[in-house]
Amino acid sequence: KADSHSHDEL
Amino acid sequence: MNVFRLLGDMSHLLAILILLLKMWKTRSCAGISGKTQILFALVFTTRYLDLFSSFISIYNTTMKLFFIASSYFTIFLMYSKFKATYDSNHDSFRMEFLVVPVGGLAFLVNHEFLPLEILWTFSIYLESVAILPQLFMVSKTGEAETITSHYLFALGSYRLLYIFNWVYRYYFDGFFDLIAVVAGCVQTILYCDFFYLYITKVLKGKKLSLPA
């Protein structure tokens with residue numbers, strides 16, 4: 001679940 | 001990182017550079033909404049607090065630092081260095097009409113009820129509407145300098161390219177962030193009218209002006 005909204009975008 | 005994401009980021013970077021170049025070369029910030037620029041600074045500040053908590057890549061960190069620094073530099077140029085050229089009479093959109101509802105929504109609809117996560121959500125929602133004071137200003141004056149319309153086009157393209165990036169990531173990486181996608185779509189939709197004017201006027205060599 002954490003991976004689904006990891007904030008790797010700018 | 002896929003090609004749409006990279007092109008989107010480059011488009012965002014280009015937009016900021018166009019804006020800075022316009023102000024620096026003409027020594028003027030006429031036609032630019034200071035409200036939108038303040039909102040962008042707030043967006044970057046609240047979103048990139050994760051600079052202190054997580055490291056993703058050199059690229060990611062560099063871009064974040066540049067976006068934060070350039071947004072504050074823009075505000076400095078508008079409200080200090082080139083203050084005399086700032087068209088505050090036409091920049092009358094009320095920021096609290098955006099910040100307050102968006103803040104409330106970030107508390108109610110988020111991935112996790114944690115301070116950093118709520119701030120991230122706030123920044124995503126705020127970014128989607130932060131351009132409104134600028135678009136309001138263009139519609140109020142009925143025109144925009146060509147360089148300003150290039151800036152807006154690059155800024156709108158960035159979000160459109162991010163939508164392609166999300167479609168790609170959904171199919172190839174199994175990644176899907178509902179909050180980012182919905183807000184990103186809203187943000188892109190706000191540019192549609194402008195895109196139409198840009199393609200039908202500015203690309204044909206005319207100045208962007210609205211029908212009276």
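In what follows, every chain begins at residue 1, and chains take the letters A, B, ... in the order their sequences are listed. As the structure is a computational prediction, the values presented were derived from the model and not from experiment.
If you measure heavy-atom distances from N60(B) to chain A, the contacts under 4.5 Å come from both the backbone and the side chain. F55(B) does not touch chain A: none of its heavy atoms, backbone or side chain, sits under 4.5 Å away. Only the side chain of Y59(B) comes within contact range of chain A, with at least one heavy atom under 4.5 Å from a heavy atom of that chain.
Between R169(B) and E9(A) there is a salt bridge, since a side-chain N of the basic residue sits under 4.0 Å from a carboxylate O of the acidic one.
Summarising the geometry, atom CG belonging to D8(A) is positioned 9.0 Å from atom CE belonging to M1(B); distances are rounded to the nearest 0.5 Å.
Residues L10(A) and F67(B) share a closest heavy-atom pair of CD1-CE1, 4.1 Å.
For L114(B), the CG atom sits in a packed shell: over 12 heavy atoms of surrounding residues, nucleotides or ligands are nearer than 6.0 Å. A 6.0 Å sphere centred on CZ of F76(B) holds more than 12 heavy atoms belonging to other residues, nucleotides or ligands.
The side-chain heavy atoms of E117(B) and H7(A), taken from C-beta on, include a pair separated by under 4.5 Å.
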